[in-house]
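Every heavy atom of this structure was used, including side-chain atoms; hydrogens, water molecules and symmetry mates were not.
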Amino acid sequence: MRIKVKCGHDTHERLDEGKKLKEKKNTRNSPRRILEIVEAICLNPEAATAARLSQTLEIPAPTIYRWLDALSEERFIAPTASGHYVPGERFRDLILNSLQYEPSVTERRSILRDLSEQLNETVSLSIPHGTKLIYFDRLESHWPFQVNLKVGAPLPLHCCASGKVYLSTMKPKAALGIFDRIQEKKSARNTITSTSAFEEELERVRQAGYAIDRGEWFDDMVGAAVPIYGNSGSLIACLSTHALTTRKSIAVLEQEVQLMQVAADKLKACLMEG
């Protein structure tokens, strides 16, 4: 019987090969590793510092800093004052533009159609886009009066129901900072323009779990919006409806919020699949 003995030379060769594989894994031109950085930032921005990303992804510190600088320069990610990184403008645009090709678009629109028929009103979906809330999809009712918005158009955060839902998910200081920076606040007779009054309104939204537009966006029009949260607990979309006060009162809208919340749960599964 012949016994094959591994000598020290072979062991060194294996170590060298392992080192080369590790270096190859961390190579500067590895698209996979760059995508892993972007993915890690999107999944957990609160842990997305250079040091944490370097440790978690096993990428040497000089390399991670080089890649983060390059991704920031190209606006795929953006650094924050706290030293964390968040998805950047180009990445958010990419996601927004890709949503129209989602596999579940037919199911999503079917859910919206059912809700529109139940409420006998137009229903809309909007999604967060940085510090903006972007109009994403809508199922129109047969009524002649409609809010004419195109896909990709930003919604006013301080006066429409969806905007108030979005701001209510932020830290109060950040939400009020956005409100204070809005130059032209007055959109209708009932628009809230006082910072203290708006702070109270956001607290009502947080407690209730939905928002009501009491004629704050357009005169003689009311609306309601409910949040759609992802598995991580972050807001992924807002589901809303609006109606003229001659057709529907705020009391009726509040009774219909439960129907909207049921639809929101269905849409969550649909959007997460897509």
Going from [atom1] on [X] to [atom2] on [Y], what distance comes out if it is rounded to the nearest 0.5 angstrom?
X      : Y      : atom1 : atom2 : value
Leu57  : Thr63  : CG    : OG1   : 12.0 Å
Glu254 : Ile212 : CD    : CD1   : 4.5 Å
Leu125 : Leu267 : CG    : CG    : 5.5 Å

| task | Go through the structure and list residues passing side-chain hydrogen bond (donor to acceptor under 3.5 Å, both in side chains) with Gln255, not counting sequence neighbours. | result | none
| request: List in chain and number order the residues that pass side-chain hydrogen bond (donor to acceptor under 3.5 Å, both in side chains) with Thr80, two or more places apart in sequence or in another chain; answer none if no residue qualifies. | output: Ser82
Who are the salt bridge (Lys or Arg N to Asp or Glu O under 4.0 Å) partners of [X], not counting sequence neighbours?
X     : result
Glu39 : none
Arg52 : none
Glu74 : Arg90

Over all heavy atoms of both residues, which pair between [X] and [Y] is shortest? Give the atoms and the distance, please.
X      : Y      : result
Glu216 : Cys159 : O-CB, 3.3 Å
Ala211 : Val165 : CB-CG2, 3.5 Å
Leu133 : Ser126 : CD2-OG, 3.5 Å
Ser234 : Ser232 : OG-OG, 3.1 Å
Leu139 : Arg109 : CD2-NH2, 3.3 Å
Ile134 : Pro154 : CD1-CA, 4.0 Å

| message | Going by ring pair (Phe, Tyr, Trp, His ring centres under 6.0 Å), name the residues that satisfy it together with Phe198, two or more places apart in sequence or in a different chain. | response | Phe179
| query | Which pairs pass side-chain hydrogen bond (donor to acceptor under 3.5 Å, both in side chains) with one or both residues in residues 169-187, sequence neighbours excluded? | reply | Asp180-Thr195
[Y] and [X], any side-chain heavy atoms less than 4.5 Å apart:
X      : Y      : value
Pro87  : Ile41  : yes
Tyr166 : Leu155 : no
Trp217 : His242 : no
Asn120 : Arg247 : no
Met260 : Leu119 : yes
Leu167 : Lys164 : no
Leu253 : Asp213 : no

| message | side chain to side chain contact (heavy atoms under 4.5 Å, CB included), that's the test. Do Lys248 and Glu256 meet it? Break it down for me. | response | CA-CA 11 Å; Lys248 195 164 289 187; Glu256 293 175 339; 3.1 Å; yes
What pairs with [X] under side chain to side chain contact (heavy atoms under 4.5 Å, CB included), at least two apart in sequence or on another chain?
X      : result
Gln118 : Leu115, Leu259
Arg206 : Ser168, Pro172, Leu202, Glu203
Ala197 : Ile192, Ser194
Lys266 : Ile111, Val262

Applying the 4.5 Å side-chain criterion to the ILVMFWY set and letting contacts propagate, would [X] and [Y] be lumped into a single cluster?
X      : Y      : value
Ile178 : Val86  : no
Leu235 : Met170 : yes
Val38  : Tyr65  : yes

Is the side chain of [X] donor-acceptor paired with the backbone N or O of [Y] at a distance under 3.5 Å, no angle test?
X      : Y      : value
Asn190 : Arg214 : yes
Ser124 : Arg138 : no
Thr49  : His84  : no

Expected list for residues 218-231: side-chain donor-acceptor pairs under 3.5 angstrom, two or more places apart:
from	atom 1	to	atom 2	distance (Å)
Asp219	OD1	Arg189	N	2.7
Asp220	OD1	Arg189	NH2	3.1

| said: Does Ile127 form a side chain to side chain contact (heavy atoms under 4.5 Å, CB included) with Leu271? I'd like the steps, not just the answer. | reply: CA-CA 11 Å; Ile127 58 174; Leu271 291 169; over 6 Å; no
| request: Just do the side chain to side chain contact (heavy atoms under 4.5 Å, CB included) check on Tyr85 and Ser72 with the steps written out, would you? | output: CA-CA 9 Å; Tyr85 289 84; Ser72 298; 3.6 Å; yes
| message | Show, in sequence, the C-alpha distance, side-chain angles and deciding distance for Arg32 and Glu36, and conclude whether the salt bridge (Lys or Arg N to Asp or Glu O under 4.0 Å) test is met. | response | CA-CA 6 Å; Arg32 180 177 63 83; Glu36 285 175 353; 2.7 Å; yes
